[in-house]
Structures are given as structure tokens and as C-alpha cells.
Amino acid sequence: MPTLDEFLEEATAFLAFNADPKGDGPFAWGDGSDSVAIFAHKTPEDERSEGAEAQAWRTTVFDAGFGWISGPAQYGGRELPSSYEQAWQALMGRYDVPSTMPFGIGLGMIAPTILAHGTDVAKQRYLRAMYRGDVIACQLFSEPGAGSDLASVQTRAERDGDEWIVTGQKVWTSGAQYADIGEIICRTDPDAPKHKGLTGFVIDMRAPGVEVRPLRQMTGGASFNEVFFTEVRVPDDHRLGGVNGGWTVALTTLMS
Ligand SMILES: Cc1cc2nc3c(=O)[nH]c(=O)nc-3n(C[C@H](O)[C@H](O)[C@H](O)COP(=O)(O)OP(=O)(O)OC[C@H]3O[C@@H](n4cnc5c(N)ncnc54)[C@H](O)[C@@H]3O)c2cc1C
């Protein structure tokens, strides 16, 4: 294992070669953009080119060994202590690098959930790809009747042999318009107490029966979506955690 100093030397060499240092002129109130929007008004073309830039940057970072510094080696991580990850983030903050916002939900919330609760099939298929920027994930929790009261979700998943059939609607899904996969919480036992009848899955956003409809914001952009599921088939090896153990899975995501 490299020492922290050796690691930082390697990281500095990588950043010096691949990015420009941020200008370090003095901060002055009133300089810079007045935009305070969390979700900017972007055209689909802007979104595509920013997405491509973000993806290319994540791939470059991952292939150089900085994409998942503290993750397990078997899924593409480097198994270094989390202090190395923090040192990398602090160092990277001094350079002008592309925004990786499209990966925020996937790497911040969904990948840790797949690592904690996914089957080996899901871990092998998605973790490395997510950290490398090849797969973008969204979070499919909220519904028209289930916001703060998340355990009220009504989207159903019914077992059919080695598959589940998902039907229902989610809402406010950030980034669903460009996501490849989503973490979905579904009702699998309507007769159980509401927190005990839920199951989590990884769902393919391009599967037949998935329809993403943008929600236009009053600022003009459309970063959120409604997502409709009509008899979407999900293999059982894409289940997260136990059947009816979805509340624990949802908590892992939200705590991450
Ligand atoms: C920027 C942003 C991004 C988001 N992205 C996603 C996403 O990617 N995926 C996703 O699944 N969801 C997403 N959401 C949805 C978000 O998680 C929900 O908005 C949240 O769960 C709250 O639900 P709601 O909006 O339906 O509000 P409600 O639950 O309807 O709450 C409305 C109001 O009532 C209050 N309230 C609710 N219940 C009670 C109670 N029992 N007692 C007292 N007061 C109460 C609340 O505090 C709130 O003020 C996003 C939201 C935002 C703002």
C-alpha cells in the first residue's frame, strides 16, 4: 500500500497532467454568476454534452486508479483507507475539473446500497461500471402518495418464477432522463404492515414498460421526471436484500 504522501504525489502528477489548477485570485463579493438554481435550465443538447464530458472525466479518473479509492478490489476499488479518498477530494478541489453531477445520486446513494445489499451478479455487473462512469443510476423512491411517508409506496412487484413484474408510478426522479438503471422500492406484500411489505430492486431504465416523462420546472428546465412502470420484468438476481426487507434497503440508501 502506498503511504499517504506517495499517494498524494501520484494524485498530484495525475491532476497536473489532466487538469488546470483553479485560478487563485482573491475572492470578491459580487464577482461571478448570480445563478443560484440547484437545477439549471439546460437544453437536451447541453445536458448531452455535459454528460459526455462528465463521463469521459470519470473514466479517465477511474482508469488512473482514483475512481473508487476505498472500494473493494474485486469490484474495481483500490482498497485504500477512506482518509486517502478525503485527501484526493481535497486535492481535486484545487483543480478545474468537469462537474460529475450526473453521477452524484448513483455513486453517493445507489452504489453503496448495491454493495451492502446486492447479489453478486448485481455487484459484478454494476459497481465497477458505475464508478467508471459507464452506468448512471437514479433513485426511484417518491410517488404521488408517498413522499415524507415513504413506506406508503404503492408501486407493486409480483413474483413470477425467477422474475418480478413491476407496475406503478414514481415521481420527482432526478436524472431519470439519462439514467441506465434505478434503485426502486416496491410493495411486495400488500397485507403486511406497510414498512414490512416492501422490497428493493435494481431496475433497467431501458427495459420494455419503463416510460420517463419530464416535469417542466418553473425555472424552465426539466431535471425531474415522472416514471411509469407497466409490467416491467426484473430478474430476481436484481433484488436488493431480502423479500419484504426493502425498508432496511431504503434506509441504507438514505443514510448513505
Ligand atoms: C431537489 C429534489 C430532488 C429530488 N429527487 C428525488 C429523486 O431522485 N428520487 C426520489 O425518489 N425523490 C426525489 N425527490 C423527492 C423528495 O424526496 C420528496 O419531495 C420528499 O420525499 C418529500 O415528499 P413530498 O414532496 O411528496 O412532500 P410531502 O411528503 O407531501 O410533504 C409536504 C409537506 O408536509 C409536511 N409533512 C409531511 N408529512 C407530515 C407529517 N406526518 N406531519 C407533519 N408534517 C408533515 C412536510 O414536512 C412538507 O412540509 C426530490 C426532491 C427534491 C426537492
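Note that ligands are numbered from 1 as they come in the structure, with each ligand's atoms numbered from 1 the same way.
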Output yes when a protein non-hydrogen atom is found under 4.0 Å of atom 8 (O) of ligand 1, and no otherwise. yes

Got the closest protein heavy atom to atom 1 (C) of ligand 1, with its distance? Phe39 CE1, 3.4 Å

Pair Arg213 + Glu211: basic N to acidic O under 4.0 Å: yes

Pair Thr155, Glu143: side-chain N/O donor-acceptor within cut-off below 3.5 Å: yes

With a 4.0 Å cut-off, would you call Arg239 and Asp236 a salt bridge? yes

Under 30°, 30 to 60°, or over 60°: which ring-plane class applies to Trp57 and Phe14, parallel, tilted or perpendicular? tilted

Distance-only donor-acceptor hits, side chain of residues 179-186, under 3.5 Å, sequence neighbours excluded:
unit_1	atom_1	unit_2	atom_2	d
Asp180	OD1	Arg206	NH1	2.6
Asp180	OD1	Arg206	NH2	3.2
Asp180	OD2	Ile136	N	2.7
Glu183	OE1	Thr253	OG1	2.9
Glu183	OE2	Thr253	OG1	2.8

Geometric N/O contact Trp172 with ligand 1, under 3.5 angstrom: yes

Nearest-neighbour protein heavy atom for atom 17 (O) of ligand 1, which is reported as residue plus atom name and distance: Ser142 OG, 3.5 Å

Please tell me if atom 48 (C) of ligand 1 is touched by the protein, where touching means a protein heavy-atom distance below 4.0 Å. no

Side-chain polar contacts of residues 194-203 - donor-acceptor pairs under 3.5 angstrom, sequence neighbours left out - could you list them?
unit_1	atom_1	unit_2	atom_2	d
Lys194	NZ	Asp149	OD1	3.2
Lys194	NZ	Asp149	OD2	3.0
Thr199	OG1	Thr188	OG1	2.5
Thr199	OG1	Asn244	N	2.8

Do Thr59 and Phe62 have side chains that get closer than 4.5 Å, going by heavy atoms? no

Establish, yes or no, whether a centroid distance under 6.0 Å links the rings of Phe66 and Phe7. yes

So, are Arg128 and Asp134 salt-bridged, with charged N and O less than 4.0 Å apart? no

The closest protein heavy-atom partner of atom 26 (O) of ligand 1 is Gly147 CA, 3.5 Å

Verify salt bridge (charged side-chain N to carboxylate O under 4.0 Å, His left out) between Arg233 and Glu158, making sure each step is shown before the conclusion. CA-CA 10 Å; Arg233 291 192 165 264; Glu158 285 168 353; over 6 Å; no

Under 4.0 Å from a heavy atom of Phe141: give me the atoms of ligand 1 that qualify, with their elements. 11 (O)

In terms of residue, atom name and distance, what is the protein heavy atom nearest to atom 2 (C) of ligand 1? Phe224 CE2, 3.4 Å

protein heavy-atom neighbour closest to atom 46 (C) of ligand 1 works out as Ser148 OG, 4.0 Å

Return yes when at least one protein heavy atom is under 4.0 Å from atom 11 (O) of ligand 1, and no when none is. yes

Less than 4.0 Å from atom 23 (O) of ligand 1, is there any heavy atom belonging to the protein? yes

Could you tell me whether atom 37 (C) of ligand 1 has at least one protein heavy atom nearer than 4.0 Å? yes

Between Gln139 and ligand 1, is there a nitrogen or oxygen pair with a distance under 3.5 Å? yes

Any non-hydrogen protein atom below 4.0 Å of atom 40 (C) of ligand 1? no

Of the protein's non-hydrogen atoms, which lies at the shortest distance from atom 5 (N) of ligand 1, and what is that distance? Ser174 OG, 2.7 Å

